[in-house]
Amino acid sequence: MELELEKLQLPGIEDRRPLVIAGPCSAETEEQVMETAKMLADRGIKIFRAGIWKPRTKPGGFEGIGVEGLAWLKAVKKETGMLVATEVATAKHVYEALKAGIDILWIGARTTANPFAVQEIADALKGVDVPVLVKNPVNPDLELWIGALERINGAGLKRLGAIHRGFSSYDKKLYRNLPQWHIPIELRRRIPALPILCDPSHIGGKRELVAPLCQQAMDLSFDGLIVESHCNPDCAWSDAKQQVTPDVLDYILNLLVIRTEKQTTENLAELRKQIDECDNNLIEELAKRMRIAREIGTYKKEHDMTILQTGRYNEILDKRGSQGALCGMDPEFIKKVFEAIHEESVRQQMEIINKN
Ligand code: PEP
Ligand code: MN
């Protein structure tokens, strides 16, 4: 299904990279919300986020302040002029958030992974024109992510965006949620008109990772950032380790280097021509290699040999891996390339063997 999209058109917000949304993981108290909001507004932030209903991995944690907090967000809007955003996970959340005049809704990662829940939200949004940001599902499944966008779009909402917040993994070494950048990059290729934001806070899970992740997202042409910021991060009721103060956020944003895609200088054009040439040569060489592989296929057929000669295959992978390393490439990368080439050779030889 082709998405029918319109620009986000956020009132009072310039159409400029990065679009920044900031605020605490959770709305905790009226004071915490207002203090954080004022500090952010003073530092030029125009869109405030705060979770009102919090999906928690285990029961017993702080599950969000609930409806009561919506009034605080309303007060933030009134006092600071910022737009306000919150997460919705059920039809009731949608109803309450819209009633409170919330400007932007987002769908959380756990919800995106559940088509029943997304459909319920989509049905509740029918006929409403509000921007909706869809976080990636917890599992690295691009189709599930696009499916959620399609459901919301199918309900008539055209002002959509996506948020990359990383993917859950059993092994949490550096990141809380692995940033599998190729997935949002493929999303961009598939739906070029869809704005994509990065959530460095939930990817990193630690405040020291927020700055490098913001820069990485900008270098990968993301349109915006949604960052958790709290007036007193260490005392936050949820996600304390990954929240930064408004001052730190301001510092991070000021240090960001924003490169544009369109800066095609002559040198770059020349280098790109060279890359095109290399790629053409690679394809020609590959075609030549495949022709030889087919000849080998004919030979194997005539001599009743099996296609897969394991010894030879291992020898190729090992040799090419070390050759690659000598040329400054990761042997694992070279191995992957030759595995793919070998797979295609085998497919071509199978064609020869199966002929007649
Ligand atoms: C959040 O933004 O506070 C949140 C719960 O995020 P996610 O859905 O990405 O876990
Ligand atoms: Mn959070």
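Positions are given from 1, in the same order as the sequence printed here. As the structure lists them, so they are numbered: ligands from 1, and atoms in each ligand from 1.
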Subject >> Shortest protein heavy-atom distance from atom 8 (O) of ligand 1, along with the residue and atom involved >> reply: Ala109 N, 2.8 Å

**OP:** Give the atom name of whichever N/O/S atom in Glu228 sits closest to the Mn ion (ligand 2).
**Re:** OE2

Original post:
Polar-atom distance check: Arg49 versus ligand 1, any N or O pair below 3.5 Å?
Top reply: yes

Original post:
Crowded around Asp15 CG? As in, over 12 foreign heavy atoms under 6.0 Å?
Top reply: no

Original post:
Can you check whether Ile47 reaches Met82 side chain to side chain, under 4.5 Å on heavy atoms?
Top reply: no

Subject >> For atom 9 (O) of ligand 1, closest protein heavy-atom neighbour >> reply: Arg165 NE, 2.6 Å

**OP:** Just jot down the ligand 1 atoms closer than 4.0 angstrom to any heavy atom of Glu87, in number order.
**Re:** 4 (C), 5 (C)

Subject >> For atom 6 (O) of ligand 1, the protein heavy atom that lies nearest, with its residue and separation >> reply: Lys135 NZ, 2.9 Å

Original post:
Is the shortest N/O to N/O distance between Arg110 and ligand 1 below 3.5 Å?
Top reply: yes

**OP:** Tell me which protein heavy atom sits closest to atom 4 (C) of ligand 1, plus the residue, atom name and distance to 0.1 Å.
**Re:** His202 NE2, 3.5 Å

Subject >> Ring centers of Phe48, Trp72 separated by less than 6.0 Å >> reply: no

Original post:
Which atoms of ligand 1 are found less than 4.0 Å from any heavy atom of Lys54?
Top reply: 1 (C), 3 (O), 5 (C)

Subject >> Rounded to 10 degrees, the angle NE2 of His202 makes with SG of Cys25 at the Mn ion (ligand 2) >> reply: 170°

**OP:** Taking the side chain as every heavy atom from C-beta outward, state whether Glu228 and Val244 have any pair of such atoms under 4.5 Å apart.
**Re:** no

Original post:
Is the shortest side-chain N to carboxylate O distance from Lys336 to Asp330 below 4.0 Å?
Top reply: no

Original post:
Does an N or O from Gly108, backbone or side chain, lie closer than 3.5 Å to an N or O of ligand 1?
Top reply: no

**OP:** Starting from the C-alpha separation in whole Å, work towards a yes-or-no answer on side chain to side chain donor-acceptor pair (under 3.5 Å) for Arg176 and Gln242.
**Re:** CA-CA 10 Å; Arg176 178 176 175 197; Gln242 69 194 34; 2.6 Å; yes

Original post:
If you look at Asp239, which of its N/O/S atoms is nearest to the Mn ion (ligand 2)?
Top reply: OD2

**OP:** Let me know which of Asp223, Ile226, Leu10 forms a side-chain contact (heavy atoms from CB on, under 4.5 Å) with Leu19.
**Re:** Leu10

Original post:
If you measure only the distance, is there a donor-acceptor pair under 3.5 Å linking the side chains of Gln119 and Asp123?
Top reply: yes

